[in-house]
S.K.: 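Structure incoming, see below.
These numbers were taken from a predicted model, which means no experiment stands behind them. FYI, the numbering just counts along the sequence from 1.
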Amino acid sequence: MKSYLARRMLIAIRIASESPDPMSLVARLFLLPAVLVLSAASLVAASPERVALVIGMGAYETISPLANTRNDAQDIAETLEEIGFDVTLGIDLSLTELRSVMKDFSFRSETADLALIYFAGHGIEVQGENFLIPVDARPASNIDVQRQSVSLKDMLEVVERARVMRIVILDSCRDNPLGGSIDTAAVSQSTGQATDQATRGVGGLAPANPDRGTLVAFAAKDGQVALDGTRGNSPYARALMEKMAKPGLEISLMFRQVRDAVLEETQNLQEPYTYGSLTGKPFYLSGAPQGEPDISAAEPSTSWSKLRPDQESQLLALANLGDTRSMLGLAYIRLNPEDSRFDPVQAVSFLERAVERGSPEAQMELAKLYEQGIGVEVDEKRALELYEAAADQGFADAINDLGFLHYQGGLGLRPNPDKALELFERAADLRHPEAQFNYAALIDDGLIPDKGPKEAAAYLYAALRSGSQDVLNLLLERPTMFAEETRRELQLQLQAFNFYSGSIDGDIGPGTKRGIRAAYGLE
């Protein structure tokens, strides 16, 4: 287990007096450090862990206005604030205003654990891409829509650098507003179901395909109608507000309950749908159950073990429907030796099911079990296959571990430093904070051709923004592990983003340390 932790953390402990001998690099770079504790001076207010951008578009200037979208946005914003989000609210924004608020929110979201966007307003699909329309749009053609709106892709880019979780919720009309709207009476006659709901239009947005760790939630499944409602809020917004405010409701189960509530209220006319996949770590929008300690930072096995029995039953139901995150959660519960449900063999069964469905996180977890012989016989060949499968899907933890294995040898691999450096760079470019830090160290040691102090400083700055406490501690407590020129370039990086205004001298003194803490997300 100790060797696994050393690979997993990949935090550089560098001895400045040593020459950069590539063959001794492992001894200096990828060891698990002793815990470094921040000084009292650095324990200052942190940036919000959860931030939200809430947008409501209703007073359209040239296309059909929407009745409840502004109410939805205002009420959603209030609910999010009540459960601990730092909320930015935008109502009836022009295109320029919308792009400006998105730019500001993108920078803020980099140091948040969770970044969430909620959009209520008109949306339209153009050539397979989804667009969200500001109030001053005057679309007369598809090209106008593309030029005068923001795309779902733009929204996803806004939240993509949040550290743990990214959510974009579209409570949009999901139609081409130029094409008119559904006659609700006709809908009732065709379905044989009575409804007094107004609609936000007809048609549908294209299915979303976000990156791993990102969830896109649609108020209605692609191709379906999203209802505007006649009770001050849309059915979807009303269900969201009710469910997200429940303490101790895990986020996957929350969206499932929102779906069920909307289906019931709309008599099956509207089925919310989610796309993408979140990490295997449990998350509670409204915090832990009343009276329970906050275990959000705990290991996944500990966190999932706190799930209430009724929610475990719901996880089992979702797992039986093929949801790989539910399979992961159930496996983590059974990998906690402190839990009465501890059962590594059953954990392997859940992970194997998730692996069959292509989950890279399940591949990584199962690789560790085969490597260590937990719940299965040790099988280094199978472990390596699983690490490589997860890495092939761009799973940064697996890429990091493979880099370490290639560097020092392991699981049947012979040492191959060149391959290892290639893998470390891949992991760093995927914004893995410890890999970013270590790649900066490799550059600083002169081991990466065509890269120098400027690139090393860029990776150090990126590691701070990505949110590793160990990286922060090492830069505050042992900055001289990096060459003076690299430290000067880091000061220039901090200056470029208005985190530092002092001399560019390579001296990591009080002013530079304040800039380092600010870049990390401390104020």
Side-chain angles (χ1 to χ4, degrees), residues 9-12 33 35-53 80-81 83-88 101-117 157-167 213-214 278-279 281 283-285 287 294 296-298 396 428 430-440 457-479 482 487 490-502 508-523:
M9 293 299 294
L10 297 179
I11 293 293
V35 177
L36 298 176
V37 180
L38 287 176
S39 64
S42 68
L43 295 176
V44 290
S47 291
E49 295 180 353
R50 298 180 294 172
V51 296
L53 173 60
L80 289 168
E81 286 178 342
I83 61 176
F85 278 76
D86 187 323
V87 178
T88 299
V101 76
M102 288 169 61
K103 180 180 179 181
D104 292 343
F105 186 73
S106 177
F107 188 74
R108 292 180 60 236
S109 70
E110 288 184 10
T111 55
D113 286 340
L114 167 61
L116 181 152
I117 296 178
E157 288 176 353
V158 166
V159 298
E160 69 176 354
R161 291 182 181 269
R163 292 171 175 174
V164 177
M165 190 173 296
R166 298 155 286 278
I167 301 173
T214 302
L278 298 177
T279 67
K281 184 178 179 180
F283 204 92
Y284 303 88
L285 281 184
D294 181 11
S296 58
L430 286 168
R431 299 197 299 274
H432 190 291
E434 286 83 18
Q436 290 168 326
F437 183 91
N438 281 292
Y439 199 64
Y459 278 108
L460 286 177
Y461 175 82
L464 283 171
R465 297 297 284 175
S466 296
S468 168
Q469 181 85 36
D470 294 299
V471 168
L472 173 67
N473 291 349
L474 286 166
L475 284 176
L476 291 175
E477 303 296 336
R478 301 185 61 184
F482 287 94
R487 300 196 303 268
L490 178 59
Q491 289 174 322
L492 285 170
Q493 283 276 331
L494 296 170
Q495 186 182 77
F497 291 96
N498 298 317
F499 292 126
Y500 176 68
S501 59
I508 309 299
T512 306
K513 288 184 177 181
R514 283 194 297 271
I516 288 171
R517 290 194 293 269
Y520 177 82
L522 300 173
E523 299 176 339

S.K.: Ignoring hydrogens, what is the shortest heavy-atom contact between Val158 and Ser109? Give both atom names and the distance.
M.R.: O-OG, 3.1 Å
S.K.: For Ala458, which residues count as a side-chain contact (heavy atoms from CB on, under 4.5 Å) partner, sequence neighbours excluded?
M.R.: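 With sequence neighbours excluded, Ala458 shows a side-chain contact (heavy atoms from CB on, under 4.5 Å) to Gln493, given in chain and number order.
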S.K.: Assign the ring pair Phe499 / Phe107 to parallel, tilted or perpendicular, where the plane angle (0 to 90°) is split at 30° and 60°.
M.R.: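 Parallel: the ring planes of Phe499 and Phe107 meet at under 30°.
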S.K.: Between Met102 and Leu53, is the side-chain contact (heavy atoms from CB on, under 4.5 Å) condition met? List the steps.
M.R.: CA-CA 8 Å; Met102 288 169 61; Leu53 173 60; 4.2 Å; yes
S.K.: Suppose we screen for side-chain contact (heavy atoms from CB on, under 4.5 Å). Which residues come up paired with Ser466, at least two apart in sequence or across chains?
M.R.: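 Ser466 satisfies side-chain contact (heavy atoms from CB on, under 4.5 Å) with Arg431, Pro433, Gln436 once adjacent residues are dropped.
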S.K.: Restricting to non-hydrogen atoms, name the atom on Tyr520 and the atom on Ser468 that form the minimum distance, rounded to 0.1 Å.
M.R.: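 Looking at all heavy atoms of both residues, the shortest contact is CE1-O, 3.5 Å.
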S.K.: If every non-hydrogen atom of Ile516 is compared with every non-hydrogen atom of Ile508, which pair is closest and at what distance?
M.R.: CD1-CG2, 4.0 Å
S.K.: Can you confirm whether more than 12 heavy atoms, excluding those of Arg514, are under 6.0 Å from its CZ atom?
M.R.: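 Atom CZ in Arg514 is not crowded, with 12 or fewer foreign heavy atoms closer than 6.0 Å.
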S.K.: Heavy-atom distance under 4.5 Å between the side chains of Leu80 and Asp86, does that happen here?
M.R.: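 Result no, sub-4.5 Å side-chain heavy-atom pair not found.
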S.K.: Name all residues meeting the side-chain hydrogen bond (donor to acceptor under 3.5 Å, both in side chains) criterion together with Ser106; count only those two or more places apart in sequence or in a different chain, and write none if there are none.
M.R.: none
S.K.: Got Leu285 and Ile83 here, is their nearest side-chain heavy-atom distance under 4.5 Å?
M.R.: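 They are in side-chain contact.
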S.K.: What residues, two or more places apart in sequence or in another chain, satisfy side-chain contact (heavy atoms from CB on, under 4.5 Å) together with Glu81?
M.R.: Val87
S.K.: Roughly how far, to the nearest 0.5 Å, is CG of Asp470 from CD of Glu477?
M.R.: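 Reported to 0.5 Å precision, the distance equals 12.0 Å.
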S.K.: Decide whether a cation-pi geometry holds between Arg50 and Phe85; the criteria are a distance under 6.0 Å from NZ or CZ to the six-membered ring centre and an angle within 45° of the ring axis.
M.R.: yes
S.K.: With sequence neighbours left out, write down each residue that passes side-chain hydrogen bond (donor to acceptor under 3.5 Å, both in side chains) with Thr512, or none if nothing qualifies.
M.R.: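 If we apply the side-chain hydrogen bond (donor to acceptor under 3.5 Å, both in side chains) test to Thr512, skipping adjacent residues, the hits are Gln491.
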S.K.: Please tell me if the side chains of Leu114 and Val164 come closer than 4.5 Å, counting only heavy atoms from C-beta onward.
M.R.: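 With C-beta onward as the side chain, the pair stays apart.
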S.K.: Assess whether side-chain contact (heavy atoms from CB on, under 4.5 Å) is satisfied between Val51 and Phe105, documenting all intermediate values.
M.R.: CA-CA 8 Å; Val51 296; Phe105 186 73; 3.7 Å; yes
S.K.: How long is the gap from CZ on Phe437 to CG on Leu460, to the nearest 0.5 Å?
M.R.: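 The CG atom of Leu460 is 6.5 Å from CZ of Phe437, to the nearest 0.5 Å.
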S.K.: By salt bridge (charged side-chain N to carboxylate O under 4.0 Å, His left out), which residues pair with Arg465, not counting sequence neighbours?
M.R.: Glu110
S.K.: At their closest point, which heavy atom of Thr111 faces which heavy atom of Ala519, and how far apart are they?
M.R.: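 The answer is CG2-O, 3.7 Å.
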S.K.: Taking the side chain as C-beta and beyond, is there a heavy-atom pair between Lys513 and Leu475 under 4.5 Å?
M.R.: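 When only atoms from C-beta onward are counted, Leu475 and Lys513 do not touch, as no gap falls below 4.5 Å.
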S.K.: Show the numbers, then the answer: is there a side-chain contact (heavy atoms from CB on, under 4.5 Å) between Arg517 and Leu464?
M.R.: CA-CA 8 Å; Arg517 290 194 293 269; Leu464 283 171; over 6 Å; no
S.K.: For Ala162, check side-chain contact (heavy atoms from CB on, under 4.5 Å) against everything at least two apart and list the hits.
M.R.: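 Ala162 satisfies side-chain contact (heavy atoms from CB on, under 4.5 Å) with Ala115, Arg166 only.
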S.K.: What do the steps show when you test Thr88 against Val101 for side-chain contact (heavy atoms from CB on, under 4.5 Å), and what is the final call?
M.R.: CA-CA 8 Å; Thr88 299; Val101 76; 3.6 Å; yes
S.K.: What pairs with Tyr461 under side-chain hydrogen bond (donor to acceptor under 3.5 Å, both in side chains), at least two apart in sequence or on another chain?
M.R.: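 If we apply the side-chain hydrogen bond (donor to acceptor under 3.5 Å, both in side chains) test to Tyr461, skipping adjacent residues, there are no hits.
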